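Take a look at the structure below.
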Amino acid sequence: MSRLSLTQLRRMKREGTRIACLTAYDAAFATVLDEAGVDVLLVGDSLGMVLQGHDSTLPVTVDDMVYHCANVKRGSRHGLIVADLPSLSYATPERALDSAARLLKEGGAQVVKLEGGAPVLDAVRLLAAHGVPVCAHLGLLPQSVHKVGGYRVQGRGAAGEALLEQARALEAAGADLLVLECVPAALAAQVTQALEIPVIGIGAGAGCDGQVLVLYDMLGITPGKRPSFVHDFMSEAGDVPGAVRAYVQAVKEGRFPGPEHSFD
């Protein structure tokens with residue numbers, strides 16, 4: 001079985017085939033996700049919270065990301081592997097290129113993800129110019145949680161038009177994918193329709209081309225309060241493989257997310 005490509009993801013968008021994405025941090029879970037038909041394996045810096053026990057993603061290093069990405073690569077054969085560039089590892093375009101090179105060469109990632117709009121456009125352009133596939137990330141930016149004052153819905157009111165313009169600018173700069181996190185469902189649908197690249201939502205409603213959740217959240221094993229946009233698939237399925245299959249099926253059939261997992 002060949003590994004999914006960006007070209008195939010674009011075709012899925014054109015054809016209206018929903019994209020199922022989950023985070024993955026190790027070989028064993030990567031194998032389970034692959035066998036369940038997950039399209040995109042996101043090696044997220046969320047590992048800083050769910051694996052390392054930090055209260056944010058900020059302490060995660062490039063070394064951490066390379067290590068976990070390589071583990072996921074060894075455990076999977078089909079899913080497209082996207083890896084986060086951790087906080088401050090892309091503070092300049094040149095640093096972004098160096099960090100991305102490590103994730104691609106040592107970690108085996110196919111795509112690197114970075115957060116933000118206008119401040120990262122030069123980095124996106126440089127990465128694209130060197131043939132590095134890029135996933136952009138708008139809306140709630142976990143790496144900027146201290147600056148925005150916590151985990152809050154983004155893009156309401158007049159801020160929605162600015163977010164749409166940032167999304168267009170990122171696509172023009174060379175981004176190949178876009179993640180929208182915690183934005184109003186109507187805005188996310190508008191952005192998805194405006195862009196040619198696939199848009200993956202998390203807490204962004206059903207109008208996106210695909211969905212992503214933190215694996216540990218959808219299995220119901222993350223300590224503390226679960227985000228309102230998460231559904232516990234484990235409690236219904238009874239085991240991990242069944243929960244992942246149920247998630248993939250729910251995304252593909254358009255049953256997840258529902259209105260209760262979205263924001264106005």
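All values reported here derive from a predicted model rather than from experimental measurement.
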* Group every Ile, Leu, Val, Met, Phe, Trp and Tyr by side-chain heavy-atom contacts under 4.5 Å, then state whether Met49 and Tyr67 land in the same group. => no
How close do [X] and [Y] get, heavy atom to heavy atom, and via which atoms?
X      : Y      : answer
Val132 : Asp176 : O-OD2, 4.5 Å
Gly205 : Ser262 : CA-OG, 3.3 Å
Val60  : Gln52  : CG2-OE1, 3.9 Å
Met234 : Leu219 : CB-O, 3.1 Å
Leu41  : Gly79  : CG-CA, 4.4 Å
Ala96  : Tyr90  : CB-CB, 3.5 Å

Straight-line distance of [X] [atom1] to [Y] [atom2], nearest 0.5 Å:
X      : Y      : atom1 : atom2 : value
Leu6   : Gln110 : CG    : CD    : 7.5 Å
Arg74  : Asp26  : CZ    : CG    : 11.0 Å
Ser76  : Asn71  : OG    : CG    : 10.5 Å
Leu114 : Leu141 : CG    : CG    : 10.0 Å
Asp84  : Lys113 : CG    : NZ    : 3.5 Å
Leu104 : Leu97  : CG    : CG    : 10.0 Å

Applying side-chain contact (heavy atoms from CB on, under 4.5 Å), name anything that partners [X], two or more places apart in sequence or on another chain.
X      : answer
Glu161 : Leu164, Glu165
Ala188 : Leu180, Val183, Ala204, Cys208
Leu51  : Tyr25, Leu47, His68, Tyr216
Glu15  : Arg11, Thr17

Any donor and acceptor pair, going by atom type alone, linking the side chain of [X] with main-chain N or O of [Y] inside 3.5 Å?
X     : Y     : result
Ser99 : Leu85 : no
Thr23 : Leu42 : no
Thr31 : Gly75 : yes

* So with a 6.0 Å cut-off around CD of Glu196, is the heavy-atom count from everything else above 12? -> no
* In terms of heavy-atom contacts, does CG of Leu88 have more than 12 from other residues, nucleotides or ligands at under 6.0 Å? -> no
Is the shortest heavy-atom distance from the side chain of [X] to the side chain of [Y] under 4.5 Å?
X      : Y      : result
Asp39  : Lys252 : yes
Val179 : Val82  : no
Ile81  : Arg3   : yes
Pro184 : Arg156 : yes
Glu171 : Leu178 : no
Leu22  : Leu213 : yes
Ile19  : Pro198 : yes
Val66  : Leu103 : yes

* To do: Check step by step if side-chain contact (heavy atoms from CB on, under 4.5 Å) holds for Val244 and Phe29.
  => CA-CA 10 Å; Val244 178; Phe29 271 121; over 6 Å; no
Residues which pass salt bridge (Lys or Arg N to Asp or Glu O under 4.0 Å) with [X], listed by chain and number, not counting sequence neighbours:
X      : answer
Asp239 : none
Asp209 : Lys13
Glu253 : Arg255
Arg18  : none

* Structure fact -> Contacts of Asp217 meeting side-chain hydrogen bond (donor to acceptor under 3.5 Å, both in side chains) (sequence neighbours excluded), chain-then-number -> Thr222
* Excluding sequence neighbours, so at least two apart, what forms side-chain hydrogen bond (donor to acceptor under 3.5 Å, both in side chains) with Glu106? -> Arg102
List, one per line, each side-chain donor-acceptor pair under 3.5 Å for residues 115-125, sequence neighbours excluded.
from, atom 1, to, atom 2, distance (Å)
Glu115, OE1, Gln143, N, 3.0
Asp122, OD1, Arg125, NH1, 2.7

* Between the side chains of Asp64 and Thr61, does any donor sit under 3.5 Å from an acceptor? -> yes
* **Trace of the side-chain contact (heavy atoms from CB on, under 4.5 Å) decision for Val40 with Ile200** => CA-CA 10 Å; Val40 178; Ile200 311 297; 5.7 Å; no
* What's the verdict on side-chain contact (heavy atoms from CB on, under 4.5 Å) for Ile197 and Leu170, showing C-alpha distance, side-chain angles and the deciding distance? -> CA-CA 10 Å; Ile197 62 175; Leu170 286 162; over 6 Å; no
* Asked: Excluding sequence neighbours, so at least two apart, what forms ring pair (Phe, Tyr, Trp, His ring centres under 6.0 Å) with Phe229?
  -> none
* To do: List the steps and the verdict of side-chain contact (heavy atoms from CB on, under 4.5 Å) for Asp45 and Ser87.
  => CA-CA 9 Å; Asp45 59 2; Ser87 177; 5.8 Å; no
* Any idea how Phe256 and His231 line up, ring-wise: parallel (<30°), tilted (30 to 60°), or perpendicular (>60°)? -> tilted
